[in-house]
Structures are given as structure tokens and as C-alpha cells.
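Working notes for the structure below.
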There are 2 protein chains.
Amino acid sequence: MTDTGQNPITDQVYKARQFCEDKGARFTLLREKVYALLLEQQGAVGAYELLDTLKLTESNAKPATVYRTLDFLLEFGLIHKIESTNAFVACHHFDCNHPVQFLICDTCGDVKEIQSVGLKDTLDKQAQSVGFRVVNQTIEAHGTCAACQ
Amino acid sequence: MTDTGQNPITDQVYKARQFCEDKGARFTLLREKVYALLLEQQGAVGAYELLDTLKLTESNAKPATVYRTLDFLLEFGLIHKIESTNAFVACHHFDCNHPVQFLICDTCGDVKEIQSVGLKDTLDKQAQSVGFRVVNQTIEAHGTCAACQ
DNA sequence: AAAATTAGTGTTATTATATAACGGTTTGTT
DNA sequence: AACAAACCGTTATATAATAACACTAATTTT
């Protein structure tokens with residue numbers, strides 16, 4: 001499989017495989033399928049909704065199947081978890097190392113990922129000023145996207 | 001019951017009752033008890049942990065009892081939900097109208113609430129720049145508090 | 001190449017979190 | 001007193017996530 005520029009999802013999956021293998025991690029068929037399913041979604045998806053979709057081709061899939069796979073994808077930054085909705089969303093630029101924040105449209109369900117270093121730094125500084133050392137951040141905004149206004 | 005300055009929790013409960021009644025909402029005994037229980041905790045508490053505690057005095061309490069009460073308290077801003085841990089924490093200054101962010105210590109479990117207008121505005125602006133209108137924000141930092149370092 | 005080790009998956013069961021629905025009771029209003 | 005609305009008790013169920021164990025595939029060591 002090569003990056004042909006023909007199919008965005010295929011290309012993204014290819015990039016993900018390269019990324020994993022470069023790190024000595026195995027991008028198995030199951031992991032590829034789950035990642036591809038998430039890429040196909042326009043918004044974030046719950047684990048059980050994802051399971052239902054996965055079952056169409058992997059009839060023996062179970063909750064643990066999905067959660068284990070999601071754990072792997074999360075660990076390598078290929079996907080993100082939206083904490084406020086318990087849903088998962090594919091990440092398209094796992095190779096750059098930017099902080100991440102989400103804009104979640106409550107009307108159409110679309111999730112836009114933004115990468116604001118300024119936002120991250122502001123929170124880090126606020127924390128630092130009270131002696132708190134930040135390890136990771138959850139920043140999610142709910143509202144209405146441009147298209148839905 | 002008056003604000004005597006003797007017991008911080010009693011005083012806070014008193015303030016909460018005033019606040020609710022000013023808004024025409026009923027601060028029932030159940031709501032008072034749940035709010036008081038949350039005030040007694042040092043960190044955030046899960047709904048079922050709260051239920052167990054509540055059962056000590058309200059032996060007939062059920063999940064719905066707790067969730068309904070939490071919903072009321074959330075609606076009036078007397079408590080907050082920590083999305084990244086599915087836990088609830090009492091708010092001490094529901095009367096001021098500041099935005100809210102949380103610093104969650106993963107070592108001792110303590111939750112510190114901060115109110116940074118700058119942080120809120122930064123996120124609002126970032127969103128605005130891509131045409132997104134923010135209705136509410138979830139900002140939570142995990143890490144290590146000053147005491148635990 | 002065989003053995004040993006590690007990583008990944010299948011499967012069953014269980015735990016944790018949250019809501020729906022309905023009936024009865026209390027509170028506030030007319 | 002009658003009525004309506006809000007609140008609470010209760011049962012059932014939906015949704016989200018993990019534990020534990022056996023088996024298989026891949027990788028490393030010998």
C-alpha cells in the first residue's frame with residue numbers, strides 16, 4: 001500500500017502504519033480497521049457505536065476488543081478521547097507534537113480539533129502560579145459550529 | 001439557621017439555601033444533605049460513592065435519588081462535574097459568575113477550582129476565529145499539586 | 001530450527017456510570 | 001378545597017468500561 005493521494009482515508013491509514021512501525025509498534029489489522037472506521041466518521045463516536053460498526057466485518061468483536069484497540073490508538077496518539085461525551089475521534093496529525101483542544105458542535109456533532117500552544121501555555125502558567133504542575137490537559141468547548149449558525 | 005462563622009460547611013449550606021430561595025428554587029433536605037456531603041469531601045466524588053455515603057442516613061437512596069439531586073445542584077451551579085473522572089465537586093462561590101477551570105491532583109485526588117477569565121477568553125477567541133460559537137467550556141488539568149511535589 | 005518470551009486476541013463475566021418510566025407525595029397556587 | 005407543579009420512591013434498564021483467563025501469533029534467544 002502506498003500514498004497515492006487518491007483516497008484520504010487510505011493515505012491516512014498508511015501514514016499511521018508507518019508511524020507505528022517506526023516506533024516498533026504493531027499496527028495490526030484490527031487496529032487498522034478501528035482507526036479507519038474512526039476516520040470515516042465525521043464526528044466523535046462512542047465505543048459501543050463503534051463496536052456495532054466493527055461487528056459488520058468482525059462478527060466476534062466484543063467490548064474488550066474495542067477498548068483494547070482504542071487504548072492502543074490513544075497511547076500512540078492516533079486518536080483522542082472526548083471526555084465530556086465519552087467518545088473517540090481520529091487524529092490526523094499524530095506526527096506533529098502539538099497540544100490539542102476540541103470544538104464540539106452540539107447541533108451536528110462535528111468535532112474540530114485545534115492546536116493552540118497559547119491556550120496550553122496559559123493554563124500551564126495559571127497552574128504554575130498556584131504551585132500545580134500540569135501533566136496533561138482536557139480542553140473542550142461545546143457550542144455551535146460555523147456551518148450550523 | 002444563621003451564618004455564625006463557626007462552621008464553614010453549615011455556613012456554606014446556609015448561603016446555598018439563600019441562593020436557591022432567592023431564585024425561587026426549593027433547597028430541600030435531600031439537596032441540602034447531598035450538597036453538604038460534597039462540601040465535606042476534599043476532592044471530587046463519584047455518584048455511587050456519594051450514594052453509599054448518603055445511604056448511611058437515607059437508607060432508601062437509589063441511583064436516581066443521587067443523580068436527580070446532582071442534576072439540580074449542577075443546574076444552579078452549586079456543584080461542578082469533572083468530566084475527565086466522572087466525579088462531582090462542591091462549588092464555594094456559586095454567587096459570583098466566573099468561568100471555571102480545574103486542577104486535579106492525580107496523587108492525592110484534590111481538586112482545585114480556578115477562575116481565569118483570560119483562559120476562557122482565549123478559548124472563546126480561538127473558537128471565534130474559526131467561526132465557532134462557544135456555549136460552555138470544559139477545562140481540566142491533571143498533574144501534581146503543590147503539596148504532593 | 002526449536003524453545004522461550006512477549007504481544008495480541010477471543011471470550012466470559014463483572015463493575016461502573018447514568019437514565020427512563022411510573023406512581024405517590026408534598027408544596028405552592030387558585 | 002381543588003388543582004397543578006415539583007419532588008421523591010421505586011423498579012428496571014441502558015450505556016460505558018474493565019478484569020481475568022485461555023489461546024494464538026510474532027519476536028527474540030538459544
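Labels below follow one simple rule: chain letters A, B, ... track the order of the sequence lines, proteins then strands, and each chain is numbered from 1. Keep in mind it's a predicted model, so treat the numbers as computed, not measured.
Put simply, the side chain of Glu113(A) never gets that close to the backbone of Val100(A): no donor and acceptor are under 3.5 Å apart. Within the 3.5 Å criterion, the main-chain N or O of Ser116(B) finds a donor-acceptor partner in the side chain of Gln101(B). At least one donor-acceptor pair under 3.5 Å links the side chain of Glu140(B) to the backbone N or O of Ser84(B).
Atom P of nucleotide dT19(C) and atom CG of Leu51(B) are separated by 15 Å, given to the nearest angstrom. We find that CD of Glu58(B) is positioned 11 Å from P of dT10(D), with the value rounded to whole Å. Between Leu73(A) atom CG and dT9(C) atom P the separation is 10 Å, expressed in whole Å. Rounded to a whole Å, the CZ atom of Phe72(B) is 9 Å from the P atom of dC8(D). When rounded to the nearest whole Å, the span between NZ of Lys23(B) and C1' of dG28(C) equals 21 Å. We find that CZ of Phe27(B) is positioned 13 Å from P of dC7(D), with the value rounded to whole Å. To the nearest angstrom, C1' of dT9(C) lies 17 Å from CD of Glu32(A). The distance between atom CG of Asp71(B) and atom C1' of dA6(D), rounded to the nearest whole Å, is 15 Å.
Between dT17(C), dA17(D), dT10(D), one nucleotide has an atom nearer to the side chain of Arg68(B) than all others, and that is dT10(D). With dC8(D), dG8(C), dA18(C) as the choices, the nucleotide that has an atom nearest any side-chain atom of Thr28(A) turns out to be dG8(C). Listed candidates were dT10(D), dA18(C), dA16(D). Nearest to the side chain of Ala47(B) is dA18(C). Relative to the side chain of Leu30(B), the nucleotides dG9(D), dT12(C), dA17(D) differ in distance, and dG9(D) lies closest. Counting only heavy atoms from C-beta on, Pro63(A) has its side chain closest to dT18(D) among dT11(D), dT18(D), dA18(C). Picking from dT11(C), dG9(D), dT9(C) the nucleotide with the shortest atom distance to the side chain of Asn60(B) gives dG9(D). Out of dG8(C), dA16(D), dG10(C), the shortest distance to the side chain of Arg31(A) is found at dG8(C). Taking the side chain of Arg26(A) as heavy atoms from C-beta on, and the options dT10(D), dG8(C), dT18(D), the nearest nucleotide is dG8(C).
Using a 4.0 Å heavy-atom distance criterion, Ala61(B) is classed as making no nucleic acid contact.
A stacked arrangement is not assigned to Tyr48(A) and the six-membered base ring of dT15(D), the conditions of a centre distance below 5.5 Å and an interplanar angle below 30° not being jointly met.
The line from CZ of Arg31(B) to CZ of Arg17(B) is 11.5 Å long, rounded to the nearest 0.5 Å.
In terms of phosphate contacts, Lys62(A) brings a side-chain nitrogen or oxygen within less than 4.0 Å of OP1 or OP2 of dT11(C). Between Lys81(A) and dA17(D) there is a side-chain polar atom (N or O) within less than 4.0 angstrom of OP1 or OP2.
The aromatic rings of Tyr35(A) and Phe27(A) lie perpendicular to each other, with more than 60° between the two planes, well past the 30° mark.
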